[in-house]
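Scroll down for the structure; my scribbles are underneath it.
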Protein chains: 2
Amino acid sequence: MGDKKLEKHKYRTIRDYIKKRIQIGKYPVGGYLPSENELCNRFGITRTTVRKALDELLKEGFIVKEQGKGSKVIERGKSLGLLTVKGISGSIDYEVETIVTEPPRIVGWDPIIPFSLTDEEKESQCVYFQRVRNINGRPVVLENNWYSLNALGLIKSDEFVDGSFFKTLSREYLIEIMGAEQELRSKPASIDVAKNLNIHEGAPILHISVRFRTSRAGLNLYGDLYCDTSEYPIRNSYFL
Amino acid sequence: MGDKKLEKHKYRTIRDYIKKRIQIGKYPVGGYLPSENELCNRFGITRTTVRKALDELLKEGFIVKEQGKGSKVIERGKSLGLLTVKGISGSIDYEVETIVTEPPRIVGWDPIIPFSLTDEEKESQCVYFQRVRNINGRPVVLENNWYSLNALGLIKSDEFVDGSFFKTLSREYLIEIMGAEQELRSKPASIDVAKNLNIHEGAPILHISVRFRTSRAGLNLYGDLYCDTSEYPIRNSYFL
DNA sequence: AAATATTACTTGTACGTACAAGTTGGAATA
DNA sequence: TATTCCAACTTGTACGTACAAGTAATATTT
């Protein structure tokens, strides 16, 4: 029962064990992990190895460490360098309401995607869905999404956890975002985009093309976002 | 001579020593650091401690490790999640020509900066300079920059290493970028911006406001960028 | 000469120990 | 009662050891 792998790379075993418990909601966000010594006893390994595992989780943004207290589980994605929408007044992040305007369905790949697909992706059909994000009831981001059907299968929109696709992947499928590539352009809004965002045709909008890489082999998420930044700018921060 | 600090946090001492050697060009980019065992002998410490120091340099993007070979010094900033300009044809990054259109001079803070200044910064005057970045001879990015005079002093544009302000900070002042916050908006070009970028007034441009945090206490770099993304999109990637 | 094996390096993982430093809550004290 | 102190936790740093695994040049064998 996987004992061979348990012998090698013990720290990975511990790391993945803890990660899974975080993903499924044991070890809830805001709570503390068992102490390092307790993990040592529980798994019969040394603190060196436990600390190596925790270091990885720290790097991946699952926990923060507090000397004298413990390792706290944090909301992942906050420290992820993702582009987020920011309210213009003050520094409060507005709560964003997400509406699925086109539920997931199986289609062919859209040539608008500016990234080169892998061979597996080209051979596969893809799942497409569209969402609009509202702030204070006004549409701000129009979002088209695609992923390879072969890599994941069709997820229905009523499965979405809190309306979030990423949270669904994490909680239900234990898939995490490993990184992303983005391209940003400033463009005049097309008629279609203008209609969706309730702005004038030709108004400047921020067009973001993004490919998210995930922890599942072969699964990339492609996004095509149109942002009305006139009131709410897009924000991005990162730290070492 | 600093022996007290050398006793505590040895790994930081080693880390900073190696970092400095990388910054000033000993330990050149592309080369390998001394082996872990050699560093152990040289500093009279254990490999555990040396590895901890190297781990930090790895996280900070100064080196990569190659099992069986050694720790290789890499060009920092590549792995930094900074927004970069990308050529549209193929995946080749174009070489960007940087022109200083307004050499550094001492002025007051510009209210256009959308970040809240620290008290020290408010009390200080600031250094301003403007640059334009050309790709294939055509202007693509207009860039205004500010930093606190008290924190750094005036750097003349002829000091710029390869025309790069960041490289100058790293090589000459041993200051590194620790992180950044950015705000992105899509806007119509003002007359002034249009003139500088040689585009129509009102054409959609990408406006980026950025604050870079540095390793020097009290020193932030504020940027106000106007990007013509019609031909060359802005690109951003990050990985865990 | 070419293929193979050895050797001497490199980093990777894991063991165990010791003490420093930060946090917290309860016991002892004022 | 209010304060101080301390003991029992937590994570942080550093010591030393051992062997696995990857790399590259050299020596050996075919």
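The chains referred to below are lettered A, B, ... by the order of the sequence lines, with proteins before strands, and numbering in each begins at 1.
- Side-chain atoms of A:I45 lie closest to C:dC15 of the nucleotides C:dC15, C:dT13, D:dT10.
- If you run side chain to side chain contact (heavy atoms under 4.5 Å, CB included) between A:I45 and each of A:L39, A:V50, A:T13, only A:V50 comes through.
- In the set C:dT13, C:dC15, D:dC15, C:dC15 carries the atom at the smallest distance from any side-chain atom of A:K10.
- Taking atom CZ of B:R15 as the reference point, atom C1' of D:dA14 lies 16 Å away to the nearest angstrom.
- The residue A:T46 sits close to a base: some heavy atom pair falls under 4.0 Å.
- Between A:K65 and D:dG12 there is a side-chain N or O to OP1 or OP2 distance below 4.0 Å.
- Ion pairing of A:E60 with A:K19 is present here, as a side-chain N (NZ or NE/NH1/NH2) and a carboxylate O approach within less than 4.0 Å.
- Taking the side chain of B:T49 as heavy atoms from C-beta on, and the options D:dT13, D:dC15, C:dG16, the nearest nucleotide is D:dC15.
- Closest approach to the B:H9 side chain among D:dT13, C:dA14, D:dT11 is made by D:dT13 (side chain taken as heavy atoms from C-beta onward).
- A straight line from OH of A:Y32 to C1' of C:dT23 spans 10 Å, rounded to a whole angstrom.
- As judged by a 4.0 angstrom heavy-atom cut-off over every strand, A:S35 is placed among residues touching the sugar-phosphate backbone only.
- We find that CG of B:L33 is positioned 13 Å from P of C:dT10, with the value rounded to whole Å.
- Going from atom CD of A:E56 over to atom P of C:dG12 covers 12 Å, rounded to whole Å.
- Using bins of under 30°, 30° to 60° and over 60° for the plane-to-plane angle, the ring pair A:Y128/A:W146 lands in the tilted bin.
- The distance between atom CZ of A:R51 and atom P of D:dT11, rounded to the nearest whole Å, is 8 Å.
- Computed from coordinates, the A:F43 CZ to C:dC15 C1' distance equals 18 Å when rounded to whole Å.
- When each of C:dT13, D:dA14, C:dA18 is scored by its nearest atom to the side-chain atoms of B:Y11, the top-ranked nucleotide is D:dA14.
- A close approach under 4.0 Å does occur between a side-chain nitrogen or oxygen of B:K69 and OP1 or OP2 of D:dA24.
- Atom-to-atom, CZ of B:R47 to C1' of C:dA14 comes out at 11 Å; the value is rounded to the nearest Å.
- Comparing A:E66 and B:Q67 along DNA chain C, the residue whose closest nucleotide (by nearest heavy atom) sits nearer the 5' end is B:Q67.
- To the nearest 0.5 angstrom, B:R185 atom CZ is 6.0 Å from B:S209 atom OG.
- Regarding A:R12, its CZ atom lies at a distance of 11 Å from the P atom of C:dG12, rounded to whole Å.
- Side-chain contact, B:E121 with B:N220: a donor N or O sits under 3.5 Å from an acceptor N or O.
- Comparing atom distances between the A:N37 side chain and each of D:dG22, D:dT11, C:dT13 picks out D:dT11 as nearest.
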